[in-house]
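For reference, the structure discussed in these notes is given below.
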Amino acid sequence: MIKGIFETHINVSDYKKSAEFYEKLLNIIPLHEDAKRKSKFYWVGQPGQSMLGIRENYPSSLVQRQHFAFKVDLEDISSAKDYLSTLGIETTNFLGESSEDLLVFPFMPAVSIYFDDPDGHTIEFIAMLDDKPRPELNIMKWKEWEILYGRE
C-alpha cells in the first residue's frame, strides 16, 4: 500500500531565511506560502512527486535538529560539493569530515554528501549505487568501494 514518503515538514526559526536557503537548491519548486502561519511549501523534483514544508516556530519555538535526504542521480553526487560551495554552503561526509572523501553505505549501497540548513537541520544528497548490497562491510570511502569493484 505505501509507495514512498510524499512529504515532510520541518520547524524553522525564521521561515523567510529558510525559504531563501531552500530556494537556492535545484529542483525545489515553490508551491504555496501561508504568511499568516509563517509557512511555505515546496515541490521536490517534479510537481506532485514529493513535498517539503517549512513552518516557523511550529509546533514550538524550540527548533529540534532533524535530518532528511534528497535523492540525486549518481552522476550529480560528484559535482554536488562544488555546486553547494558556489552557494556558500559547506559540505561534509557522513562522519562530519571533509567531503573530499565521500562515503558509501555498503548495506544499501549508496553514496552521499551532507550539509546544514540555517537552523542546523542536516540535509543529505544521496545517490544509490547499482552494485549489490554488501551489509557485511563497514562504511567506506567511495574510492575504496570503486577499487573493490575494479572501477578504479
Original post:
Are any of the side-chain heavy atoms of R55 and K38 separated by less than 4.5 Å?
Top reply: no
Subject >> Rounded distance (nearest 0.5 Å) linking atom CD1 of I29 with atom CG of L52 >> reply: 12.0 Å
Subject >> Cluster overlap L84 with L74, hydrophobic side-chain contacts below 4.5 Å >> reply: yes
Original post:
Checking ring pair (Phe, Tyr, Trp, His ring centres under 6.0 Å) for the pair H9/F41: CA distance, chi angles, key distance, verdict?
Top reply: CA-CA 9 Å; H9 293 246; F41 303 90; 5.6 Å; yes
Original post:
Between P118 and S18, what is the shortest heavy-atom contact and its length?
Top reply: CG-CA, 4.5 Å
Subject >> Listed partners of E23 passing salt bridge (charged side-chain N to carboxylate O under 4.0 Å, His left out), at least two apart >> reply: K40
**OP:** Please state whether the rings of W145 and Y149 are parallel, tilted or perpendicular, taking 30° and 60° as the class boundaries.
**Re:** tilted
**OP:** Taking only Lys NZ, Arg NE, NH1 and NH2, and the carboxylate oxygens of Asp or Glu, determine whether E100 and K81 approach each other closer than 4.0 Å.
**Re:** yes
Original post:
Should the heavy atoms of other residues, nucleotides or ligands under 6.0 Å from CD of E144 be counted, would the total exceed 12?
Top reply: yes
Original post:
CD1 of I77 to OG of S112: how many Å apart, nearest 0.5 Å?
Top reply: 6.5 Å
**OP:** Evaluate side-chain contact (heavy atoms from CB on, under 4.5 Å) for R151 paired with D131, printing each intermediate quantity in order.
**Re:** CA-CA 12 Å; R151 292 189 290 257; D131 306 310; 2.6 Å; yes
Subject >> Reference residue I10; test side-chain contact (heavy atoms from CB on, under 4.5 Å); the match among V63, I123, I54 >> reply: I54
Original post:
Does a sphere of radius 6.0 Å around CG in D130 hold more than 12 heavy atoms from other residues, nucleotides or ligands, not counting ones at 6.0 Å or beyond?
Top reply: no
Original post:
Rounded to the nearest 0.5 Å, what separation is found between the OG atom of S39 and the CD atom of E56?
Top reply: 10.0 Å
Original post:
Side chains of L31 and M51: closer than 4.5 Å at any heavy-atom pair?
Top reply: yes
**OP:** Would you mind checking if D14 and K17 are paired as a salt bridge, meaning a charged N to carboxylate O distance below 4.0 Å?
**Re:** no
Subject >> N93 to S98 - nearest heavy-atom pair and separation >> reply: ND2-O, 3.5 Å
**OP:** Apply side-chain contact (heavy atoms from CB on, under 4.5 Å) to the pair W43 and N27, showing each step before the final yes or no.
**Re:** CA-CA 8 Å; W43 288 127; N27 292 326; over 6 Å; no
Original post:
With a 4.5 Å heavy-atom cut-off, do L87 and L25 have their side chains touching?
Top reply: yes
Original post:
What's in the same ILVMFWY side-chain cluster as F107, cut-off under 4.5 Å, chained through other members?
Top reply: F94, L95, L103, F105, M108, Y114, I126, M128, I139
Subject >> Taking every non-hydrogen atom, the tightest pair across F125 and A80 >> reply: CD1-CB, 3.9 Å
Subject >> Atom pair CD (E90) and CZ (F115), whose distance is rounded to the nearest 0.5 Å >> reply: 12.5 Å
**OP:** Would you kindly confirm whether F68 and L26 end up in one hydrophobic cluster when ILVMFWY residues are joined by side chain heavy atoms under 4.5 Å apart?
**Re:** yes
Original post:
In terms of heavy-atom contacts, does CD of E20 have more than 12 from other residues, nucleotides or ligands at under 6.0 Å?
Top reply: no
Original post:
Roughly how far, to the nearest 0.5 Å, is the OG atom of S78 from the CG atom of D73?
Top reply: 11.5 Å
**OP:** Quick one: pull up CE in M140 and CD1 in I147 and give me the separation to the nearest 0.5 Å.
**Re:** 10.0 Å
**OP:** Tell me, yes or no, whether the heavy-atom count around Y58 atom OH, taken from other residues, nucleotides or ligands under 6.0 Å, exceeds 12.
**Re:** no
Original post:
Taking it one step at a time, do D76 and K71 satisfy salt bridge (charged side-chain N to carboxylate O under 4.0 Å, His left out)?
Top reply: CA-CA 10 Å; D76 293 329; K71 181 179 179 180; over 6 Å; no
**OP:** Using modelled atom types only, decide if a donor and an acceptor are shared between the side chain of N11 and the backbone of N57 within a distance under 3.5 Å.
**Re:** yes
Original post:
Do you know which two heavy atoms are closest between A35 and Y15, and how far apart they sit?
Top reply: CA-OH, 3.5 Å
**OP:** Just do the side-chain contact (heavy atoms from CB on, under 4.5 Å) check on Q49 and V44 with the steps written out, would you?
**Re:** CA-CA 7 Å; Q49 288 184 343; V44 178; over 6 Å; no
**OP:** Take atom NZ of K24 as the centre, draw a 6.0 Å sphere, and report whether it contains more than 12 heavy atoms from other residues, nucleotides or ligands.
**Re:** yes
Original post:
Taking the side chain as C-beta and beyond, is there a heavy-atom pair between I89 and Y83 under 4.5 Å?
Top reply: no
Original post:
Which pairs count as salt bridge (charged side-chain N to carboxylate O under 4.0 Å, His left out) when at least one residue sits in residues 105-127, sequence neighbours excluded?
Top reply: R65-D116
**OP:** Show your reasoning for whether side-chain contact (heavy atoms from CB on, under 4.5 Å) applies to V72 and I113.
**Re:** CA-CA 10 Å; V72 299; I113 190 167; over 6 Å; no
